[in-house]
Amino acid sequence: MTQTIRAAVLREVGAPLQIEQIELTDPRAGEVMVEIEAAGVCHSDLHYLQGDLQCPLPVVPGHEGAGRVISVGPGTSGDISVGDRVALLWRPNCGRCAQCVAGKPIMCELGPVQARSGGLLDGTTRMSADGAPVHHLLGVSCFSERVVVPERSVVRVPDDIPAEIAAIAGCAVITGVGAIRNAIGACSGDPLVVMGAGGVGLAAIMGARLAGASPVIAVDVDTDKLALAARVGAAITIDARDGDVVEHVLAAVPGGAAWVVEAIGRPETVASAFSMLRPGGTVVAVGLGRVGQGFTVPINELVQRQKRIVGSLYGSSIPQLDLPRIFELYRAGHLPLDLLLGERYPLDRVGDSFDALRGGAVGRSIVYPNR
Ligand code: APR
Ligand code: ZN
Ligand code: ZN
């Protein structure tokens, strides 16, 4: 069976998102249909809108969402039922490939396949318009009233967690907090810098504070974002417009930072992150850049100071374990995620939410696809 839904559709890179009526078919084997309650506006969506990252078009963007299961396909496990509240995951996990078996579901071999095909796990789409396929963004596409996703790409959300919090937990929060917990681990008492105080960076600051990093230093180019960074736990804030960021960090923590989480994704900021490390320090690169973009690593500094650079995707997490933990930390007051929430938009104004993101909106914007 097919139903008509309203969704934001990107038909051409650089073109405005259009709110369209499109067709959504019932979930197939191992899939569920979710009515979206809230969706976060992430910079990675903007990368796709601008063509920094590429996916098949037309596509319904949005990859940070939460909602309620309204139907389940044949052959589902029984773990997820109609009525369950769920957060959506933008990386699939097959549970069978070597990476999944090794406990690294974010590196599941189906991840790049799903991202490139613009379909669900079998490569086909459940959305169409005038008989032509409309693609899924990262298997989620939550700027839409309803979505069909693989059952393994949802995590149950407790009733007392607001939909907005569940939504942002599924990308910004798990990415930022996970970078600290999973890519860094023990950092208590170590100086840690977070570059970029967007949704991801702010979550990393909260995670770093929780892990006891000290001091936690935030770097951004926006006064209001730095003020928010201080509220969520940065002891020191540095405005990158005020001269040399590396010098500022070295003045604050002589010898340099033990850890730098880079949540911007620009060649020059990753290079600065590397320069501000103390010997033996590590850059955890979280921000995505344009396809093919790189930066220069000074070889001798790498070797003689034993510096390290590691990438971390999706918080290097095991979402089925990390998301429930994040919900518990939020509930216990250890992660002040409400402070992350910014402006709210109905689906009709999703385009405005991206203009605001480009313009430096503070906090994570939330889109309500059913309002
Ligand atoms: N120096 C310091 N901060 C900067 C600079 C710079 N040169 N340029 C941009 N910033 C800040 C912005 O002001 C903003 O606060 O980086 C932050 C980026 O935040 P968002 O745009 O909200 O992006 P976010 O959704 O947090 O994602 C960050 O992670 O997953 C990736 O694709 C995503 O590359 C993106 C990154
Ligand atoms: Zn995201
Ligand atoms: Zn796998």
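Both ligands and their constituent atoms are indexed starting at 1 by order of listing.
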task = Please work out which of Leu202, Asp52, Ile264, Ile168 has its closest non-hydrogen atom nearest to atom 5 (C) of ligand 1.
result = Ile264
note = For His63, the N, O or S atom at the shortest distance from the Zn ion (ligand 2) is NE2
ask   = Tell me, which protein residue and heavy-atom name are nearest atom 28 (C) of ligand 1, and how many Å apart are they?
value = Ala263 O, 3.2 Å
request  = Output yes when a side-chain donor or acceptor of Asp220 lies under 3.5 Å from a complementary backbone atom of Ala197, and no otherwise.
outcome  = yes
query = Looking at CG of Asp45 and CH2 of Trp90, how far apart are the two atoms once the value is rounded to the nearest 0.5 Å?
reply = 10.5 Å
inquiry  = Run Arg241 and Thr223 through side-chain hydrogen bond (donor to acceptor under 3.5 Å, both in side chains) and show every step you take.
reply    = CA-CA 10 Å; Arg241 295 167 301 183; Thr223 313; 3.2 Å; yes
ask   = For ligand 1, is His47 a contact, meaning one of its heavy atoms is under 4.0 Å away?
value = yes
ask   = What residue and atom, counting heavy atoms only, is the protein's closest point to atom 11 (C) of ligand 1, and at what distance?
value = Asp220 OD2, 3.3 Å
ask   = For atom 33 (C) of ligand 1, which candidate among Ser44, Gly199, Gly360 provides the closest heavy atom?
value = Ser44
query = Does a side-chain N-to-carboxylate-O contact under 4.0 Å join Arg364 and Glu164?
reply = no
remark   = shortest atom 19 (O) of ligand 1-to-protein heavy-atom contact is with Gly198 CA, 3.2 Å
remark   = Nearest non-hydrogen protein atom to atom 8 (N) of ligand 1, with distance, is Arg266 NE, 3.4 Å
inquiry  = Which residue and atom name correspond to the protein heavy atom nearest atom 26 (O) of ligand 1, and how close is it?
reply    = Val200 N, 3.0 Å
ask   = Does ligand 1 have an atom under 4.0 Å from some heavy atom of Gly265?
value = no
ask   = Passes salt bridge (Lys or Arg N to Asp or Glu O under 4.0 Å), Arg156 versus Asp79? Steps please.
value = CA-CA 9 Å; Arg156 218 185 277 110; Asp79 292 345; 5.9 Å; no
The Zn ion (ligand 2) contact by His43, N, O or S atom under 2.8 Å = no
ask   = Can you tell me which residue and heavy atom of the protein come closest to atom 29 (O) of ligand 1, and the distance to 0.1 Å?
value = Gly287 CA, 3.5 Å
Donor-acceptor contact present, side-chain Gln306 to main-chain Arg308, <3.5 Å = no
inquiry  = Can you report which non-hydrogen protein atom sits closest to atom 24 (P) of ligand 1, along with the distance?
reply    = His43 CB, 3.6 Å
ask   = the Zn ion (ligand 3) as vertex, arms to SG of Cys100 and SG of Cys94: angle to 10°?
value = 120°
note = If you scan protein heavy atoms around atom 25 (O) of ligand 1, the nearest is Arg364 NH1, 2.7 Å
task = Check if Val221 has a non-hydrogen atom at a distance under 4.0 Å from any atom of ligand 1.
result = yes
